[in-house]
4 protein chains.
Amino acid sequence: MAVLRADARRNRDLIIATAKEIFVESGLDVPMENIARRAGVGVGTLYRRFPDRGELIAAVAAQVFGSVLTDLRAARDEEPNAWEAFTRLVTRSEDLRVTWHLAFPSGRAWTMVHAAPESRDVHRDMMAALDELVRDAQAEGSIRADVGPGDVLILVSIVLGTHLASSDPAGQVRSERSLLLALDGLRAVPGSVLPGAPVSTEELGWSVAEGDFDNA
Amino acid sequence: MAVLRADARRNRDLIIATAKEIFVESGLDVPMENIARRAGVGVGTLYRRFPDRGELIAAVAAQVFGSVLTDLRAARDEEPNAWEAFTRLVTRSEDLRVTWHLAFPSGRAWTMVHAAPESRDVHRDMMAALDELVRDAQAEGSIRADVGPGDVLILVSIVLGTHLASSDPAGQVRSERSLLLALDGLRAVPGSVLPGAPVSTEELGWSVAEGDFDNA
Amino acid sequence: MAVLRADARRNRDLIIATAKEIFVESGLDVPMENIARRAGVGVGTLYRRFPDRGELIAAVAAQVFGSVLTDLRAARDEEPNAWEAFTRLVTRSEDLRVTWHLAFPSGRAWTMVHAAPESRDVHRDMMAALDELVRDAQAEGSIRADVGPGDVLILVSIVLGTHLASSDPAGQVRSERSLLLALDGLRAVPGSVLPGAPVSTEELGWSVAEGDFDNA
Amino acid sequence: MAVLRADARRNRDLIIATAKEIFVESGLDVPMENIARRAGVGVGTLYRRFPDRGELIAAVAAQVFGSVLTDLRAARDEEPNAWEAFTRLVTRSEDLRVTWHLAFPSGRAWTMVHAAPESRDVHRDMMAALDELVRDAQAEGSIRADVGPGDVLILVSIVLGTHLASSDPAGQVRSERSLLLALDGLRAVPGSVLPGAPVSTEELGWSVAEGDFDNA
DNA sequence: GATGAATGAGATTTCATTCAT
DNA sequence: TATGAATGAAATCTCATTCAT
């Protein structure tokens with residue numbers, strides 16, 4: 001991809017930031033023109049940068065994934081153990097909430113993410129880092145052994161994603177309570193006997209896109 | 001009057017059943033015409049019965065709530081204790097999955113449910129029954145004491161609702177695993193220290209509609 | 001036309017009365033179902049009596065024309081001269097206001113009136129009576145000689161028809177003022193020099209339907 | 001910005017002119033698509049310019065009012081006295097006929113006119129100019145003293161508006177005759193005793209919209 | 001005969017996307 | 001390259017009219 005002129009670059013970043021904001025507020029189906037307007041550009045400019053909605057979603061996703069990956073690595077470096085790093089990531093990372101929001105409402109988002117090399121790559125990196133984090137936490141004994149990183153991902157993403165739009169403080173508290181309950185479920189020993197086998201991150205991928213999250 | 005009703009009644013039921021099906025597959029925003037076509041009626045018929053999408057959603061909700069309430073009472077009667085009844089309901093009731101799906105994507109659904117007396121009433125009954133069930137389970141010691149029925153409702157609904165569309169068997173298993181993990185979180189003793197206070201069902205209601213679940 | 005059973009007859013009259021009412025309130029384009037509902041019958045019944053909207057309009061018109069003709073004859077019999085009879089008719093006959101209202105908004109109404117023998121006939125009788133009335137008033141010197149019955153009809157109908165919907169008292173007064181001004185114009189001697197020739201009632205008829213009043 | 005404006009401006013004007021034409025022919029309720037088609041644009045274009053029918057009506061009205069105001073001022077400047085100016089305006093201004101047509105069928109139009117600042121302002125200016133014109137004519141003795149500008153407006157508008165759609169020459173003559181008769185009524189001295197008080201233009205305004213002309 | 005359920009064509013309005021300037 | 005105007009394909013909803021009961 002060719003280097004963009006400074007002003008074009010600025011525009012691109014502005015659009016991504018604006019889209020992230022609006023996606024969080026109003027979902028992925030918001031009119032393109034609204035995004036353009038809030039970003040202060042014409043629709044034409046938006047479409048020049050992102051030929052269709054899918055590419056815009058993928059670009060937002062790539063940016064957000066990158067940022068989450070950074071957060072995850074920082075947490076891993078700075079926290080004493082994997083569990084602390086995991087909870088810090090999950091409870092503190094704003095972008096993580098966005099990520100799952102993006103991934104949620106229709107699975108459609110995943111199609112787009114996987115179609116764009118840029119976002120697919122950072123997605124893969126993020127998954128790898130998550131694999132390692134979960135494995136470490138299990139080695140520490142702080143995540144139960146009968147779950148896989150895929151299980152962790154699914155449960156956390158569901159909880160984080162669904163609660164995103166809450167704006168009043170009571171809603172924030174309720175979200176946090178749900179999240180902590182879910183985390184307790186991931187630690188529970190002894191816990192229920194789970195059907196099937198631990199879910200790996202590899203198992204997710206496309207299949208995620210095609211069904212599990214389809215509640216558009 | 002009662003004579004023609006048979007015809008109309010059949011159609012009405014057919015439309016509700018069809019809408020339930022399609023809502024589950026494709027969300028609440030599916031074109032009205034698709035619903036009509038699959039039900040084998042004209043759009044006009046659909047609109048005669050349900051003047052707008054909201055009324056259709058409310059009607060589907062009323063039907064589903066009623067069925068869940070029946071399931072809940074059956075489980076309570078037939079199972080040895082509250083926890084068994086609760087897990088049976090949560091893992092076996094097909095309609096429960098629909099319920100939460102309906103409640104989810106935008107909160108919009110709640111507005112409609114509350115606007116229609118029919119669905120509002122059965123919703124209230126369902127909530128009352130849930131209150132009692134959770135209270136009993138806590139008395140048995142099978143649900144942790146620091147959560148309220150609202151917490152239970154939120155967590156379970158998130159997990160059930162989001163997984164609904166999964167059609168391949170692997171997805172079903174993954175859903176079930178998530179659900180069991182969440183249930184383990186509800187039993188965890190000792191669990192994390194939760195912020196705020198237990199959430200009651202009263203606290204939900206409209207506030208649910210207006211924010212927490214708004215990821216449309 | 002066959003004699004109707006008593007109850008059918010009652011229904012027919014009821015529908016006509018209701019339609020007259022609603023036409024005055026909301027115009028000729030009101031949904032058929034509204035008329036049926038207010039009349040307390042099913043749409044099917046309405047359509048059985050009046051195969052389409054046009055026939056209903058014609059039936060209302062026939063009823064109203066007949067009533068206006070009766071009013072006119074009564075006025076002629078009871079008032080001392082033609083001018084008094086004319087002003088009494090024009091200022092007092094409720095049905096006259098309806099008549100013009102019917103005739104107005106689209107000209108469409110005339111098509112229907114002329115298509116139905118029943119209303120066409122009474123329309124013709126009314127026209128004949130009007131001819132005579134105007135001629136007599138001119139003989140008395142109370143209507144200027146350079147106008148024809150058609151002129152009178154047009155001017156009065158415009159003023160009466162347009163003011164119909166006024167419900168507040170101020171509007172009623174304004175309507176009456178306009179009407180009196182128009183009547184003064186019909187008496188003015190000497191008045192403006194008018195182009196063309198006096199307009200007869202024959203000259204109206206279909207041409208009225210096809211253009212002059214078409215402001216639908 | 002100014003560059004593209006040329007294009008858009010041309011289109012906007014074209015749409016307004018087309019709408020004026022069609023409104024006169026077929027009334028205010030003509031399908032938006034017909035207007036778009038005759039103007040040679042897509043519906044989308046029409047809706048981009050005028051978000052709903054009301055805005056289109058208001059825009060047409062503003063254009064027409066402006067043009068009438070210009071006609072009035074020209075007549076006032078060029079004619080020897082107020083009465084001549086008045087009759088010239090009333091008998092010669094094509095746009096005046098459109099104006100009243102717009103104002104008529106439902107009062108709805110007024111709502112829209114008043115909702116849009118642009119048309120509201122020019123409407124007010126027109127009213128002020130009319131006030132002055134009528135006052136001057138009364139000072140000259142050419143309009144009777146017991147009427148107000150509101151009376152004049154109502155009577156003239158009724159006559160002009162209702163006859164608008166006439167296309168055949170005979171209809172034109174008939175319209176002109178009615179108009180002259182009405183004008184004679186405005187001059188008649190001595191005339192009938194009118195109920196109530198002279199109607200001012202202030203008294204019209206919204207009340208016009210809400211009742212008097214409502215024969216939609 | 002009466003009823004009101006069903007139909008489907010048509011009107012309004014919105015938006016993703018293309019393209020002229 | 002940026003802009004925003006234009007397009008037209010949906011989607012929602014309404015109603016005249018037909019027809020089964």
Side-chain angles (χ1 to χ4, degrees), chain A residues 4-5 7-8 11 29-37 40-54 56, chain B residues 1-12 15 29-37 39-54 56, chain C residues 4-5 7-8 11-12 29-37 39-54 56, chain D residues 1-12 15 29-37 39-54 56:
Chain A
L4 291 172
R5 275 172 33 188
D7 60 334
N11 254 336
D29 286 329
V30 76
M32 294 298 256
E33 183 140 8
N34 292 6
I35 299 174
R37 185 169 33 250
V41 303
V43 246
T45 305
L46 195 164
Y47 273 92
R48 163 173 287 271
R49 283 309 153 222
F50 310 99
D52 61 25
R53 182 184 297 272
L56 175 58
Chain B
M1 190 176 190
V3 180
L4 279 221
R5 227 42 155 203
D7 217 48
R9 179 83 211 174
R10 203 167 20 256
N11 248 323
R12 200 192 127 93
I15 290 172
D29 287 328
V30 75
M32 295 295 257
E33 184 139 11
N34 294 5
I35 299 174
R37 184 170 32 250
V41 302
V43 240
T45 303
L46 197 162
Y47 274 95
R48 160 178 280 270
R49 239 24 97 189
F50 309 100
D52 59 26
R53 181 184 300 275
L56 176 58
Chain C
L4 291 171
R5 275 171 33 189
D7 62 334
N11 254 335
R12 200 191 128 90
D29 287 329
V30 77
M32 295 299 256
E33 184 138 12
N34 294 5
I35 300 173
R37 184 170 32 251
V41 304
V43 248
T45 305
L46 196 163
Y47 273 92
R48 161 173 290 272
R49 281 313 150 221
F50 310 99
D52 60 27
R53 181 185 297 273
L56 175 58
Chain D
M1 190 177 189
V3 180
L4 277 222
R5 226 42 153 205
D7 217 49
R9 178 80 212 178
R10 202 164 25 253
N11 247 324
R12 199 191 129 93
I15 290 172
D29 287 329
V30 76
M32 294 298 255
E33 183 140 10
N34 294 5
I35 300 174
R37 184 169 34 253
V41 301
V43 242
T45 303
L46 198 163
Y47 273 92
R48 159 178 282 269
R49 238 27 96 191
F50 309 100
D52 59 26
R53 181 183 299 274
L56 176 58

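Per chain, numbering begins at 1; letters A, B, ... match sequence-line order.
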J.: Hey, could you give me the CG/CZ distance between Leu46(D) and Arg12(D), rounded to the nearest 0.5 Å?
T.: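 Spacing of CG (Leu46(D)) from CZ (Arg12(D)) equals 11.0 Å.
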
J.: Arg37(D) has an atom CZ; how far is it from atom P of dA6(F), in whole Å?
T.: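 The answer, rounded to whole Å, is 18 Å.
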
J.: Residues two or more places apart in sequence or in another chain: which of them pass side-chain hydrogen bond (donor to acceptor under 3.5 Å, both in side chains) with Asp52(D)?
T.: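 For Asp52(D), no residue satisfies side-chain hydrogen bond (donor to acceptor under 3.5 Å, both in side chains) once neighbours in sequence are set aside.
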
J.: A side-chain contact here means heavy atoms from C-beta on lying under 4.5 Å apart; do Asp29(C) and Asp29(D) qualify?
T.: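 No, every pair of side-chain atoms sits at 4.5 Å or beyond.
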
J.: What stems, by residue range, does DNA chain E take part in, given at least 3 consecutive Watson-Crick or G-U pairs under 3.5 Å?
T.: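 When the pairs of DNA chain E are grouped into runs of at least three, the stems are E:2-21 with F:2-21.
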
J.: Just jot down the side-chain contact (heavy atoms from CB on, under 4.5 Å) partners of Val41(D), sequence neighbours excluded, or say none.
T.: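 Testing Val41(D) for side-chain contact (heavy atoms from CB on, under 4.5 Å), a comparison that skips the adjacent residues, returns Asn11(D), Ile15(D), Ala36(D), Ala39(D), Thr45(D).
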
J.: Strictly below 4.0 Å: does Arg49(C) bring a side-chain N or O up to OP1 or OP2 of dA2(E)?
T.: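 So the side chain of Arg49(C) is within the cut-off, an N or O lying under 4.0 Å from OP1 or OP2 of dA2(E).
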
J.: Does the Arg49(D) side chain pair with the main chain of Ala8(D), one donor and one acceptor, at a distance under 3.5 Å?
T.: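 No, the answer is negative, given that no donor and acceptor are paired below the 3.5 Å cut-off.
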
J.: I need the CZ-C1' distance between Arg12(D) and dG4(F), as an integer number of Å.
T.: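 Arg12(D) atom CZ is separated from dG4(F) atom C1' by 16 Å.
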
J.: To the nearest 0.5 Å, tell me how far Met32(A) CE sits from Tyr47(A) OH.
T.: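 Spacing of CE (Met32(A)) from OH (Tyr47(A)) equals 4.0 Å.
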
J.: Using whole Å, report how far CD1 of Ile35(A) lies from P of dG4(F).
T.: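 Spelled out: CD1 on Ile35(A) to P on dG4(F) is 17 Å.
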
J.: Can you give one letter per nucleotide of nucleotides 7-14 of chain E, 5' to 3': B if a protein heavy atom sits under 4.0 Å from the base, S if only from the sugar-phosphate, - if neither?
T.: BB--SSBB

J.: Check the distance between dA20(F)'s P and Arg10(B)'s CZ and give it to me in whole angstrom.
T.: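 Value for this atom pair: 15 Å.
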
J.: For Arg9(B) and dT21(F), give me the distance from atom CZ to atom P, rounded to whole Å.
T.: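 To the nearest whole Å, that distance equals 19 Å.
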
J.: Got a sec, which residues hit side-chain hydrogen bond (donor to acceptor under 3.5 Å, both in side chains) with Arg48(A), two or more places apart in sequence or on another chain?
T.: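 With sequence neighbours excluded, Arg48(A) shows a side-chain hydrogen bond (donor to acceptor under 3.5 Å, both in side chains) to no residue whatsoever.
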
